[in-house]
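These numbers come from a predicted model, not from an experiment.
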Amino acid sequence: MTQPFELPHFYMPYPARLNPHLDEARAHTVEWARGMGMLEGSGIWEQSDLDAHDYGLLCAYTHPDCDGPALSLITDWYVWVFFFDDHFLETFKRTQDRDGGKAYLDRLPLFMPLDLSAPVPEPENPVEAGLADLWARTVPAMSVDWRERFAVSTEHLLNESMWELSNINEGRIANPVEYIEMRRKVGGAPWSAGLVEYATAEVPAYVAGTRPLRVLMETFSDGVHLRNDLFSYQREVEEEGELSNGILVLETFFGCTTQEAAETVNDILTSRLHQFEHTALTEVPALAAEKGLTPDQVAAVAAYTQGLQDWQSGGHEWHLRSSRYMNEGAVEGGRPLGSAGFGTSAVDIGALLSAAGAQRLRRYTHVPYQKVGPSLLPDFHMPFELALSPHLDGARDRLTGWMHEKGMLQEGVWDEDKLNAYDLPLCAAGIHPDASEEALDLGSQWLAWGTYGDDYYPLVFGHRRDLAAAKTTTERLSACMPIDGEPTPVPANAMEHGLLDLWERTAAKMTPDERRRLRGDVDKMTESWVWELSNQLQHRIPDPVDYLEMRRATFGSDLTLNLCRLGHGPKVPPEVYRSGPVRSLENAAIDYAMLINDVFSYQKEIEYEGEVHNAILVVQNFFGCDYPTGLGIIHDLMTQRMQQFQHVAAHELPVLYEDFKLSPEVRGIMDGYVAQLENWLSGILNWHHDCRRYGAEDLARRAHGFLPDRAPTVPFSGTGAGTASVPVLGPQDMAETETPPDLTPRTAAGATASFTLPKGVGAAAEFSLPKAEAASAPH
């Protein structure tokens, strides 16, 4: 069969290594699979299938340093997971038997008890038999924390197969963001990362959930899955009728050829590997220092990181050799293209590293403060009607008094003119049109506090490049939110004054668990502001996937959702909120809302603030395209995220209600939650249109204005004796910050800037732009 596209050159700078116990693992796993009933008579595999797939070779490449028994056990796990995939395909996907598939999946967690003394059911098929055997052989060597994490990743791997089945039944192809999120669960790489811990070293429990370790796992996952999509496209899409493949997703989203989509998937894969390396070399060492990891713990994290890296190179090598995949043209003279250490020609390596290096370098070469002109606003797809609270006018007056009382108009960041222009009560009135007067005030104040903080961090800490003070401030803010009566700090600045008041009024009637979740949401937002500062100090435009995921945090989305759920009470089971459809619904809404902000704030952030955190700029940088093209891609993504929100609400939530056997009362609560999110979306769009935070005239007027001449301080505990203070901006600072130098590259008047659309976007096009806009393309 002719291949549908030519495989691209892969970025893989690390050589694959082969475990010396390969033959032992191969022999063991054949007998194990036969003993579990996976071979003769299973209707799925014969031994010839198992031999051809050669999972022993996969595990020997991906775990090159573990001993023979460990390699055999890990190989058994991979035999089991691939057998599950093929068994589920033949038994439920091909027949589109959703009810049977759900019943089948519901039993599998019973074979993964955290307490090994707990009874398990009698296995009814090879998948259950294999899981029971593997669990009992694996978990005694690992901590309870690892067992919990590995059980969750295994359940995700299994249960999200229902998402794939539902999409097949509906003939629906996911949008790119949805696909990346769901592929991590369906594709199983987080599960693979758990086995990397088994083979190398277990990550200390108290850092396992931190951003650096999470990003290592997620970039590893995306790299593994996107690579697999490239090799498996022919089998999955052309032979099996699968719709869950990244190339197909991009073909559909961009309306491009299969070859262009494949090249773009490879570009994303390269970007994710770059992000892995960046995190491993910058964020992980900083984490170790901040958390005070012992030498043994640092060594464990390093071994785990090396294990993930080995998996990438080893998995690539296996894909080149396995009969399961399309790999014609990927091997030249028996040697994989682009894989150092296996005799690849210097020309191939040079071309590959040149392309990868250009992509990496482009992130650091953006020229800030370019004149981009007024933000271009597309025709936003908004299917929901706007409603506004009748208490809006009073909330505006009361917010001004509250902001003065807490000191947020006296620190040189905001004044009353800015507060009035930003009109946060208008946003709250659209988000909560049915709120009481008291509830609307509380919502307006939370929005004002969060927006103020989002402005405060870059102006106060970014201006002075003081990451240490930003981290200290973030820790103090967290201490302002006690869970169970702990002492709070004496407020040292307006943000602390405001947060102490908001927390007392919001959390008073919450249980400790509810307060813990709410504090976690606020912490997530404030810590993401530090992440933005770190990128800003490095002058680094983020990787597109990392940006979208962190933008949800910087936008305060989880905090908003938590506040929306406060009235639901305990009647909605927590597992409903954690379910795939509800998270999909929420993330689609979050992404639409935060991208609204990026579209409106483009001129403010790029021209006036020298920012690198804007989705349009991230897309421009990744694809090497101009502003209108980047905006077009973001607008298309927004439209598809809105359509996904509507699809989940109309089709997936009713199925979820049935799956969980929810009562009519709980279904009503969840339907009300959907209506809340609809209000949230329409209210946010209305606020962006009507506030005076992003318009070209308001930006120009404020760029030359003076703010009150006062410089309060932020307490900062240094490493030496005593404390130091970080002054907040005064008038002279605002002149430096808000009236940036003209760094626009000069071009001849009337010059035409030519931009070639990226692979995967379509044919080449030319745009004739004014000189300031022509200069806005990344260099």
Side-chain angles (χ1 to χ4, degrees), residues 368-369 403-404 406-422 424 447-474 476-477 492-499 525-539 551 553-556 597-598 600-614 617 691-694 698-716 724-741 743:
Y369 302 113
M403 294 288 284
H404 272 297
K406 302 307 172 189
M408 278 181 270
L409 303 183
Q410 290 83 40
E411 289 190 332
V413 177
W414 280 12
D415 59 6
E416 195 167 317
D417 174 68
K418 282 190 175 183
L419 178 66
N420 293 335
Y422 297 165
L424 277 310
L447 287 172
W449 183 87
T451 307
Y452 178 84
D454 194 39
D455 286 355
Y456 183 100
Y457 269 62
L459 283 175
V460 174
F461 305 122
H463 181 70
R464 289 180 167 79
R465 306 177 67 82
D466 197 342
L467 199 61
K471 291 180 178 179
T472 299
T473 297
T474 302
R476 285 181 57 88
L477 288 173
N493 55 46
M495 284 192 71
E496 292 179 8
H497 273 287
L499 183 56
M525 178 174 69
T526 56
E527 288 166 2
S528 72
W529 295 341
V530 177
W531 170 82
E532 284 188 318
L533 283 176
S534 179
N535 274 335
Q536 201 78 29
L537 298 183
Q538 297 172 56
H539 196 68
R551 185 68 175 96
T554 63
F555 196 60
N597 183 263
D598 281 5
F600 274 88
S601 65
Y602 185 81
Q603 183 186 20
K604 172 180 176 287
E605 293 177 342
I606 306 307
E607 182 174 324
Y608 285 89
E609 298 173 353
E611 261 285 3
V612 295
H613 298 99
N614 184 286
L617 180 66
C691 76
R692 290 179 289 113
R693 180 173 168 87
Y694 306 107
D698 290 299
L699 291 171
R701 177 177 63 83
R702 285 194 207 101
H704 305 289
F706 274 64
L707 294 180
D709 186 9
R710 185 183 174 197
T713 60
V714 179
F716 170 63
S725 295
V726 180
V728 180
L729 302 180
Q732 71 282 358
D733 300 313
M734 297 306 297
E736 283 184 43
T737 301
E738 294 206 357
T739 312
L743 299 179

Asks: When rounded to the nearest 0.5 angstrom, what is the spacing between CD in Glu527 and CG in Leu477?
Replies: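 Here the rounded value is 10.5 Å.
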Asks: For Tyr422 and Trp414, I'd like to know if the aromatic rings sit close, meaning centre-to-centre distance below 6.0 Å.
Replies: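 Centroid separation for Tyr422 and Trp414: below 6.0 Å.
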Asks: Can you sort out the partners of His404 under side chain to side chain donor-acceptor pair (under 3.5 Å), two or more places apart, ordered by chain and number?
Replies: Gln410, Glu416
Asks: Can you measure from CG (Leu499) to CG (Asn493) and round to the nearest 0.5 angstrom?
Replies: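 Here the interatomic distance stands at 10.0 Å.
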Asks: Can you find a pair of side-chain heavy atoms, one from Tyr452 and one from Lys406, that are under 4.5 Å apart?
Replies: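 A side-chain contact is absent here, since even the closest heavy-atom pair is not under 4.5 Å.
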Asks: Considering only heavy atoms from C-beta outward, does the side chain of Thr526 approach that of Trp529 to under 4.5 Å?
Replies: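 They are in side-chain contact.
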Asks: How far does CG of Leu419 sit from CE of Met403, to the nearest 0.5 angstrom?
Replies: 5.0 Å
Asks: Closest heavy-atom contact between Pro368 and Gly610?
Replies: CB-CA, 4.0 Å
Asks: Do side-chain atoms of Ser534 reach the backbone of Val530 as a donor and acceptor pair under 3.5 angstrom?
Replies: no
Asks: Between Tyr694 and Tyr602, does a side chain to side chain contact (heavy atoms under 4.5 Å, CB included) hold up when you go through it step by step?
Replies: CA-CA 8 Å; Tyr694 306 107; Tyr602 185 81; over 6 Å; no
Asks: Going by distance alone, is a donor N or O of one side chain under 3.5 Å from an acceptor N or O of the other, for Tyr457 and Gln536?
Replies: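 Judged by distance alone, the side chains do not pair up.
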Asks: Once rounded to the nearest 0.5 Å, what's the spacing between atom CE of Met408 and atom CE of Met495?
Replies: 8.0 Å
Asks: Give me the one residue out of Val612, Leu617, Asn614 that meets side-chain contact (heavy atoms from CB on, under 4.5 Å) with Glu605.
Replies: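 Answer to the side-chain contact (heavy atoms from CB on, under 4.5 Å) test with Glu605 among Val612, Leu617, Asn614: Asn614.
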Asks: What pairs with His497 under side chain to side chain donor-acceptor pair (under 3.5 Å), at least two apart in sequence or on another chain?
Replies: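 Side chain to side chain donor-acceptor pair (under 3.5 Å) check on His497 returns nothing, list empty.
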Asks: How long is the gap from CG on Asp417 to CZ on Arg692, to the nearest 0.5 Å?
Replies: 6.5 Å
Asks: What closest approach, in Å, do Ser601 and Asn597 show between heavy atoms, and which atom pair accounts for it?
Replies: OG-O, 2.7 Å
Asks: Show the numbers, then the answer: is there a salt bridge (charged side-chain N to carboxylate O under 4.0 Å, His left out) between Lys418 and Asp415?
Replies: CA-CA 5 Å; Lys418 282 190 175 183; Asp415 59 6; over 6 Å; no
Asks: Is there a side-chain contact between Tyr456 and Glu411 (heavy atoms, below 4.5 Å)?
Replies: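 Touching, per the 4.5 Å side-chain cut-off.
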Asks: Indicate whether the side chain of Arg476 and that of Thr473 have a donor and an acceptor atom separated by less than 3.5 Å.
Replies: no
Asks: Donor-acceptor check, side chain of Glu611 to backbone of His613, threshold 3.5 angstrom: yes or no?
Replies: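 The answer is yes, because a donor-acceptor pair under 3.5 Å joins these two groups.
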Asks: Decide yes or no on side chain to side chain donor-acceptor pair (under 3.5 Å) for Glu532 and Ser528, but give the supporting numbers first.
Replies: CA-CA 6 Å; Glu532 284 188 318; Ser528 72; 5.9 Å; no
Asks: Any chance you could measure Met525, atom CE, to Trp449, atom CH2, to the nearest 0.5 Å?
Replies: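 Result: 4.5 Å between the selected atoms.
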